2 protein chains.
Amino acid sequence: MHKQSKKERFEEFRKICRENGLNVTPQRIAVYEVLAGAKNHPSAEEIFRCLVSDFPELSIDTVYRTLNTFAQIGLIRIVEGYGEARRYDPDTQPHHHFRCLKCSRIVDFENPEFSRLKIPDVLQRKCRITGVKVVLEGLCEECLNR
Amino acid sequence: MHKQSKKERFEEFRKICRENGLNVTPQRIAVYEVLAGAKNHPSAEEIFRCLVSDFPELSIDTVYRTLNTFAQIGLIRIVEGYGEARRYDPDTQPHHHFRCLKCSRIVDFENPEFSRLKIPDVLQRKCRITGVKVVLEGLCEECLNR
DNA sequence: TCTTTTTTAAGAATAATTCTTATACAGGAA
DNA sequence: TTCCTGTATAAGAATTATTCTTAAAAAAGA
């Protein structure tokens, strides 16, 4: 993400809300500011906890609703966890996933190029990497034909 | 995953359980068989529903427990959803994620090679791909030093 | 200002997952 | 086989994450 001042970010935020027909409310500003300033991909609960002292009457539902709205207009993204029910894969060999954002279907695929990726040195040195996969997101064939 | 007969798969399963000090119970066999035969990365609930008619006294907790155990010994994998609370990312630019399997920390990183990946034609033709990311899994620096 | 539409808070409702506890079963030893 | 010990299970309560319902509040438009 490229550096912006707080003010620039706010103007950008305001503009995107307007373009999408969303009112610019104090709650929306606050939620966005916390997320934009966070370093750790917070959950709705964590964002809520950051805000509740300044905003005692804020409800957790508003945080969820706001974040869902932001994700729908592309202002933020949901991390690849998606918060849905956990799902399992019997295939422990290296392979890759396409995930439909609408119906949540996951399609496995193999791809030699993807399986040859070299892990960046910085990470290699600091962490123990046990898995590498490419995750594609989008709309699947079925959801497109509707 | 390479093709195996049901019998071979069962022997392999038995062997892996033994090596990990796990009893081979009818419930474990059944859960593994359903997952291994499934095409769609099912949730615990879906696996449970497949089994409940043959196994009326099976409890959903057993399915969860069994799958968690299998994932811990590396017999199966959890799809990149992980089933934890949903988390959000203010960075909408293409970038990649390292995820710690122990503490769930996510570290963003950029990498020109990863950002240049070419989407396979088959998928490109059938689906609308809106995002591409590389997801690394493993143990982070902090969790390693413990 | 008045009206209409959007947004919110509150708390109930639902869904996903784990915990507690008493019982049942698997595997090894006799 | 039978018995013993530790492991695994069912049942249901408990917890956590998320969404829904509804009435009130705030914003935008006239």
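Source: prediction; values computed, not measured. Here is how names work: the chains are called A, B, and so on, in the same order as the sequence lines, proteins then strands, and each is numbered from 1.
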Original post:
Of the nucleotides C/dA9, D/dA10, C/dA26, which one has an atom closest to the side chain of A/D61?
Top reply: C/dA9

Original post:
So, is B/R86 near the phosphate of C/dA15, with a side-chain N or O under 4.0 Å from OP1 or OP2?
Top reply: no

Subject >> Value in whole Å for how far the P atom of C/dG27 lies from CG of B/N20 >> reply: 14 Å

**OP:** Between C/dA9, D/dT9, C/dT17, spot the one nearest the side chain of A/E57, thanks.
**Re:** C/dA9

**OP:** Could you tell me whether B/V24 contacts a base, only the sugar-phosphate backbone, or nothing, with contacts defined as non-hydrogen atoms closer than 4.0 Å?
**Re:** sugar-phosphate

**OP:** Measure from CD on A/E45 to C1' on D/dT15 and round the result to the nearest Å.
**Re:** 13 Å

**OP:** Applying side-chain contact (heavy atoms from CB on, under 4.5 Å), run through B/E45 and B/I60 and close with a yes or a no.
**Re:** CA-CA 7 Å; B/E45 181 66 34; B/I60 182 76; 3.8 Å; yes

**OP:** May I ask you to check whether B/H97 and B/D108 show a side-chain donor-acceptor distance below 3.5 Å?
**Re:** yes

Original post:
Does B/Y64 make a side-chain N or O approach to OP1 or OP2 of C/dT18 shorter than 4.0 Å?
Top reply: no

Subject >> Interatomic distance where CG belongs to A/L58 and P belongs to C/dT7 [whole Å] >> reply: 16 Å

Original post:
OP1 or OP2 of C/dA9 less than 4.0 angstrom from a side-chain nitrogen or oxygen of A/Q27, does that happen here?
Top reply: yes

Original post:
Is a side-chain donor or acceptor of B/R14 paired with a backbone partner of B/V24 at a separation under 3.5 angstrom?
Top reply: no

Subject >> Any A/T25 side-chain N or O less than 4.0 Å from OP1/OP2 of C/dT8 >> reply: yes

Original post:
For D/dA11, does OP1 or OP2 lie under 4.0 Å from any side-chain N or O of B/R65?
Top reply: no

Subject >> Length of the line joining B/N68:CG and D/dT9:P, which is rounded to integer Å >> reply: 12 Å

Original post:
Any side-chain N or O of A/S59 less than 4.0 Å from the OP1 or OP2 oxygen of C/dA10?
Top reply: no

Subject >> Interatomic distance, B/I60 CD1 vs C/dT14 C1' [rounded to whole Å] >> reply: 15 Å

Original post:
In terms of the nearest nucleotide of DNA chain C, which residue is placed more toward the 5' end: A/P26 or B/R18?
Top reply: A/P26

Original post:
Under 3.5 Å, is there an N or O donor on one side and an acceptor on the other linking the side chain of B/N23 and the base of C/dC25?
Top reply: no

Original post:
Is the shortest side-chain N to carboxylate O distance from B/K118 to A/E113 below 4.0 Å?
Top reply: no

**OP:** Could you check B/E137 against B/R77 for salt bridge (Lys or Arg N to Asp or Glu O under 4.0 Å), going step by step and ending with a plain yes or no?
**Re:** CA-CA 11 Å; B/E137 293 175 344; B/R77 305 194 67 175; 2.7 Å; yes

Original post:
To the nearest Å, how far apart are A/E84 CD and D/dT16 C1'?
Top reply: 17 Å

Subject >> Rounded distance (Å) that lies between atom C1' of D/dA10 and atom CG of B/L51 >> reply: 15 Å

**OP:** Could you tell me the separation between the CG atom of B/L22 and the P atom of C/dC25, rounded to a whole number of Å?
**Re:** 19 Å

